[in-house]
Each structure stands twice: as C-alpha cells, then as structure tokens.
Protein chains: 2
Amino acid sequence: MDNHILNECPIQPVVDILSGKWTSYILWEIYNKNNHYGSIKKQLPGISTRTLAVRLKFLENKGILSRTVFNTNPPTVTYDLTNKGLTLAPILKSMKTWSELYQ
Amino acid sequence: MDNHILNECPIQPVVDILSGKWTSYILWEIYNKNNHYGSIKKQLPGISTRTLAVRLKFLENKGILSRTVFNTNPPTVTYDLTNKGLTLAPILKSMKTWSELYQ
DNA sequence: CTCATTGGTTTATTTTTGGAAAGTAAGTTT
DNA sequence: AAACTTACTTTCCAAAAATAAACCAATGAG
C-alpha cells in the first residue's frame, strides 16, 4: 500500500492511509461515533470480519485509531480517533460535502 | 469499484472516484496544471501506460476530466478538470495540508 | 460445565487491480 | 516510403486485497 517511489508527492501520506476499499468508510463510521467493532460491522454490510480487523489494526498502527477494551459481559471493544486521527476530519467533511452535491 | 450495498453511505460517491492506487495522484498532477499525458506519466514514476490510460478514461467517464487533442506535431493530448472535477479541489487541498503536517 | 455473546484469527480461495511488453495510430519530418 | 514522437490499446500475467467459512478466546449467565 506504500509507494516508495512517490515519496515526493505531497498527498502520498494521506493516500497511503485512505487506500483500501473500506478504510474511508470505517473512518467515517468512527468519526460519527459508531465505534464498537460490532456496530461498525453492522453499518458496513458486505465487509468481512477479517477485512474489518485488518483495516482497524492498520489504522491503529498508523496512529489514527486507539483501541479500548471494556470489561463488560461479554467484553466489548471500541475504536476511537486519536488526536492525529481527528485531524482527518476536514478531509472526511469535504468528502461528505462533495458527495452530497455531486453524486 | 462501485459498492452497491453502501449506497446510503454519505461519502460513497467520492470514495468511488478516488479509489485506485493512482487516481488521487493523477488528479493532483492535473490540479497542478501538469495536464499532458506524457508529463503526468513523467511525474508519476512507476505508473504503467495501461494504468494511466485506464484511470484517465475512468475519470473522463465520471465527468471529472475532459480530454482535448491538439493538432500539433506530433498530436498531443491534455486532460483538464471539468467544472465538476474542479469541485474536488477542497478535498485535494485538505489532503495536502494533512500530509504536510502529519506525515 | 455448557451456552451465548463479542471480537476477533486462520486458512484457503476468489476478485480486483496493476504491470510488462508489444503493438497500433496519427501526424509530421527526412 | 521509412522514421520519429506522442498517446495510447491489447494481451497476458502477477500481486494485492478482499471474501468465505471455520475456528478460537474471554467473560459471565444459567
């Protein structure tokens, strides 16, 4: 997913993060406070458990998401935007605005 | 590239357009007035002729780019953002800003 | 001690996407 | 008429990404 040849391209870091069929959708859900593993999956019909888990871990490794386990019965997990992840908000907002106007 | 199940997701239209390994980079180049087929290819080392042609046609079909042939010697082709394509500017700009700050 | 529930992992397979290489086409220039 | 340049197209193949299905683990409830 990382294109080493394009390191000079000024949008490479964000393209790297947002690539992947489901990544933007996952971030959109979490940005909208839908942050439990199960409820994200429910809101994204068609995504497989594996893909969701892989993408969430990818975003966690990139410092975009934080993962919190709650000792409920059964234990639940939430994913939240980190401070770094929150800075993606303008991009997500502009994506929503565009989609509303030009779809 | 179109996910029919997610038609309700408010960012689906733009995710559809920007998906693909090279699409955002191509748009970035054209947004920055680098709009000849050959010069886009030069600025994106690693992209194949096939991929560039496929992506350009995709964006043309989506109404994002316009294609113009010039009767020079040899004939050259430019790609320009349409009015619709120009409205992607806020997204591209926010992507650049983020990348500069958080890479 | 079995069951239900959440949140995964693992393995194997398919789909999607991109790449390499060769060929095509149009319009000069020689 | 052959060569040169730009801008592709075509075919075939490889890699990457996603899917399906089965399984695993933690935690309590019954």
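Quick note on labels: first sequence line is chain A, next is B, and so on, each numbered from 1. Scope of the values below: all heavy atoms of this structure, side chains included, with no hydrogens, waters or symmetry mates.
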Next item on the list: Examine distances only and state if a side-chain atom of B:Lys84 and a backbone atom of B:Lys62 form a donor-acceptor pair shorter than 3.5 Å.
Entry: yes
Notebook entry, point to check: If you check every side-chain atom of B:Pro74, which of C:dG7, D:dT19, D:dT5 has the closest atom?
Noted result: D:dT5
Margin query: Distance check needed: C:dT9 P versus A:Arg55 CZ, whole Å only.
Written below: 14 Å
Next item on the list: Check for a donor-acceptor pair, side chain of A:Thr82 on one end and backbone N or O of A:Ile64 on the other, with a separation under 3.5 Å.
Entry: yes
Check: Please give, in whole Å, the distance from C:dG8 C1' to A:Lys41 NZ?
Finding: 11 Å
Next item on the list: Answer yes or no: does a side-chain N or O of B:Arg50 lie under 4.0 Å from OP1 or OP2 of D:dC12?
Entry: no
Note to self: How many whole angstroms separate atom CD1 of B:Ile47 from atom P of D:dA15?
What the structure shows: 19 Å
Margin query: Donor-acceptor pair, distance only, cut-off 3.5 Å: does the side chain of A:Asp16 make one with the backbone of A:Gln12?
Written below: no
Notebook entry, point to check: So with a 6.0 Å cut-off around NZ of B:Lys41, is the heavy-atom count from everything else above 12?
Noted result: yes
Margin query: Rounded to whole Å, how long is the line connecting atom CD1 of B:Ile26 with atom C1' of D:dA7?
Written below: 14 Å
Next item on the list: Let me know, please, whether A:Pro75 or A:Ser48 comes out on the 5' side of the other along DNA chain D by nearest nucleotide.
Entry: A:Ser48
Item checked: B:Leu44 CG to C:dG18 P, straight-line distance once rounded to whole Å -> 13 Å
Check: So, is A:Tyr79 close to the C:dG8 phosphate, meaning a side-chain N or O under 4.0 Å from OP1 or OP2?
Finding: yes
Checklist line | Any A:Trp22 side-chain nitrogen or oxygen under 4.0 Å from OP1 or OP2 of D:dT19 | finding: yes
Next item on the list: Look at A:Lys21 and D:dT19 and indicate whether a side-chain polar atom (N or O) is within less than 4.0 Å of OP1 or OP2.
Entry: yes
Margin query: It should be established whether B:Thr51 places a side-chain nitrogen or oxygen under 4.0 Å from OP1 or OP2 of nucleotide C:dG19.
Written below: yes
Check: Within this structure, what is the NZ-to-P distance between B:Lys42 and D:dC8, rounded to whole angstrom?
Finding: 17 Å
Notebook entry, point to check: Can a donor-acceptor pair under 3.5 Å be found between the side-chain atoms of B:Thr49 and the base atoms of D:dT9?
Noted result: yes
Next item on the list: Look at the side-chain N and O atoms of B:Asn73 and state whether any lies under 4.0 Å from the OP1 or OP2 oxygen of C:dT29.
Entry: yes
Checklist line | Whole-Å distance separating the OH atom of B:Tyr37 from the P atom of C:dA26 | finding: 17 Å
Next item on the list: May I ask you to verify whether the side chain of A:Thr72 and the base of D:dT27 hold a donor-acceptor pair under 3.5 Å?
Entry: no
Next item on the list: Return the value, rounded to whole Å, for the distance between atom CG of A:Leu56 and atom P of D:dA18.
Entry: 12 Å
Checklist line | Side-chain N,O (B:Lys57) to OP1/OP2 (D:dC8) below 4.0 Å | finding: no
